[in-house]
Amino acid sequence: MTTIGFIGLGVMGAPMAANLVGAGYDVIGYNRSRGRVDALVAKGGRAASSVAEAVRGAEVVITMLPDSPDVEQVVMGEDGVLHHAQAGTLLVDASTIRPDVSRAIAQACRARGVRALDAPVSGGEAGAIEGTLSIMVGGDPADFDAAHEVLRAVGSTIVHVGPAGAGQTVKAANQLIVAGTLELLAEALVFLSAHGVDLASAVEVLGGGLAGSAVLQRKAPAMLDRRFEPGFRVDLHHKDLGIVLDAARAAGVAIPLGAHVADLLASLRAQGGGQLDHSALLLQVEKLSGEDNELAPNRAASR
Ligand code: NAD
């Protein structure tokens with residue numbers, strides 16, 4: 001039985017680790033807050049109380065952490081993954097981080113005889129629970145082949161997109177598309193509402209035409225119900241659009257609409273919406289259109 005060390009059991013990591021347990025893998029989970037480790041144990045996983053414990057004896061290590069500095073610290077830091085991993089271990093970083101950081105991690109891994117893949121995912125919490133994530137993988141093709149069976153337990157579309165860092169570049173493009181689509185969906189809902197159109201009927205028919213999308217299908221129902229608990233936090237999408245803007249600038253590419261939506265997300269965050277689901281862009285558009293809504297009372301909480 002393959003032993004998998006899983007580090008980062010948050011919104012995405014917890015259901016992914018549970019699906020790996022369900023697929024028959026021996027999963028040792030570690031998270032900064034212990035409650036999340038206990039939840040995995042209740043589902044049949046094993047507990048680690050440090051990175052070292054999660055990594056020792058694991059053939060595969062999966063990280064699902066918030067941001068680039070978190071992955072750098074957990075993998076390359078003192079007492080990190082590279083300090084404890086046996087040679088030949090396969091490190092699969094599923095977090096969304098900067099492509100240049102993924103490349104640096106892959107290089108550090110190579111120097112220690114550890115194989116590394118960047119394998120960011122798309123599909124949200126629902127996709128993680130269902131095990132239907134879309135996974136964009138950068139790294140050595142042989143390492144991709146070795147990881148494929150494990151990735152099948154958490155995703156249904158799994159594609160090797162190039163060398164180290166390429167998975168993150170594709171994920172950056174994914175986040176650009178999702179943010180832009182979500183903003184336009186929010187604008188459409190405010191527009192329809194102002195015209196007194198029944199929103200549920202409008203969403204149903206829009207979903208069947210060219211305006212239909214996974215974003216509309218997955219996000220519109222909660223937006224209509226005004227449920228903005230994450231899901232995918234504004235803070236994380238703000239982080240991702242920072243990655244997109246930097247990467248676009250480095251390549252000399254203009255992304256005018258993406259830059260504009262990045263600004264709108266930054267503003268939503270500055271107004272206190274950082275901990276809300278990114279579909280709270282709806283609240284922002286409402287405010288821009290002169291409506292009073294529930295965004296302001298969250299200000300203190302997310303600072
Ligand atoms: P999250 O904040 O819910 O989970 C991250 C987990 O990592 C938390 O439980 C936290 O306690 C833990 N953690 C942080 N630092 C740690 C450390 N040093 N050691 C051990 N544990 C640590 O975030 P999430 O929503 O699960 O997202 C994780 C990554 O996946 C992010 O990069 C995000 O951008 C990406 N992502 C999220 C979604 C989504 O819909 N939520 C979808 C696709 C990709």
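Order of appearance sets the numbers: ligands from 1, and atoms from 1 within every ligand.
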Starting from atom 32 (O) of ligand 1, locate the nearest protein heavy atom and write down its residue, its atom name and how far away it is, to 0.1 Å.
P66 O, 2.8 Å

Identify the protein heavy atom lying closest to atom 8 (C) of ligand 1, giving its residue, its atom name and the separation to 0.1 Å.
N31 OD1, 3.6 Å

Can you find a side-chain donor-acceptor pair between T96 and D240 that sits under 3.5 Å?
no

For R36, the ligand 1 atoms with a heavy-atom partner under 4.0 Å come out as 9 (O)

Given side chains that start at C-beta, do those of S267 and D263 come closer than 4.5 Å, heavy atoms only?
no

Single hit among K287, E286, Q284, R226 for side-chain hydrogen bond (donor to acceptor under 3.5 Å, both in side chains) with N293
E286

Tell me the contacting part of V51 for ligand 1: side chain, backbone, both, or neither, using a 4.0 Å heavy-atom threshold, strictly below.
neither

Output the distance between atom OG (S49) and atom CZ (R34), rounded to the nearest 0.5 Å.
6.5 Å

Can you name the atoms of ligand 1, numbered from 1 with element, that are less than 4.0 Å from a heavy atom of K239?
31 (C), 32 (O), 33 (C), 34 (O)

Do the side chains of D79 and V51 get nearer than 4.5 Å, heavy atoms only?
no

Report the part of K171 (side chain from C-beta onward, or backbone N, CA, C, O) that has a heavy atom under 4.0 Å from ligand 1; answer both or neither where that applies.
side chain

Under a 4.0 angstrom heavy-atom cut-off, which atoms of ligand 1 come close to V121?
43 (C), 44 (C)

Is there a nitrogen or oxygen of R32 sitting under 3.5 Å from a nitrogen or oxygen of ligand 1?
yes

Hydrogens and angles aside, do D118 and Q168 bring a side-chain donor and acceptor to less than 3.5 Å of each other?
no

Atom 22 (C) of ligand 1: closest protein heavy atom, distance to 0.1 Å, is L65 CD2, 3.4 Å

Give yes if a backbone or side-chain nitrogen or oxygen of T96 is under 3.5 Å from a nitrogen or oxygen of ligand 1, and no if not.
yes

One finds that the ligand 1 atoms under 4.0 Å from a non-hydrogen atom of G231 are 41 (N)

Parallel, tilted or perpendicular: which describes the rings of F144 and H160, with under 30° parallel and over 60° perpendicular?
tilted

To which protein heavy atom is atom 3 (O) of ligand 1 closest, and what is the distance rounded to 0.1 Å?
V11 N, 2.9 Å

Nearest-neighbour protein heavy atom for atom 4 (O) of ligand 1, which is reported as residue plus atom name and distance
G10 CA, 3.2 Å

If we number the atoms of ligand 1 from 1 as shown, the ones under 4.0 Å from a heavy atom of G8 are 7 (O)

Close N or O approach (I7, ligand 1; < 3.5 Å)
no

Ligand-side contact atoms (ligand 1) for residue partner Y30, heavy atom cut-off under 4.0 Å
19 (N), 20 (C)

Would you mind telling me if ligand 1 is within reach of the side chain of L236, the backbone, both or neither, using heavy atoms under 4.0 Å?
side chain

Would M16 and L133 count as a side-chain contact (heavy atoms from CB on, under 4.5 Å) if you check the C-alpha gap in whole Å, the side-chain angles of each, and the deciding distance to 0.1 Å?
CA-CA 9 Å; M16 289 168 72; L133 291 168; 3.9 Å; yes

What is the closest protein heavy atom to atom 17 (C) of ligand 1, and at what distance does it sit?
V74 CG2, 3.9 Å

Numbering the atoms of ligand 1 from 1, which are under 4.0 Å from a heavy atom of G124?
40 (O)

Return the residue, atom name and 0.1 Å-rounded distance of the protein heavy atom closest to atom 42 (C) of ligand 1.
M12 CE, 3.5 Å

Atom 39 (C) of ligand 1 - nearest protein heavy atom and its distance:
F232 CD1, 3.2 Å

Per-atom contacts of ligand 1 with E125, taking only distances under 4.0 Å to non-hydrogen atoms:
40 (O)

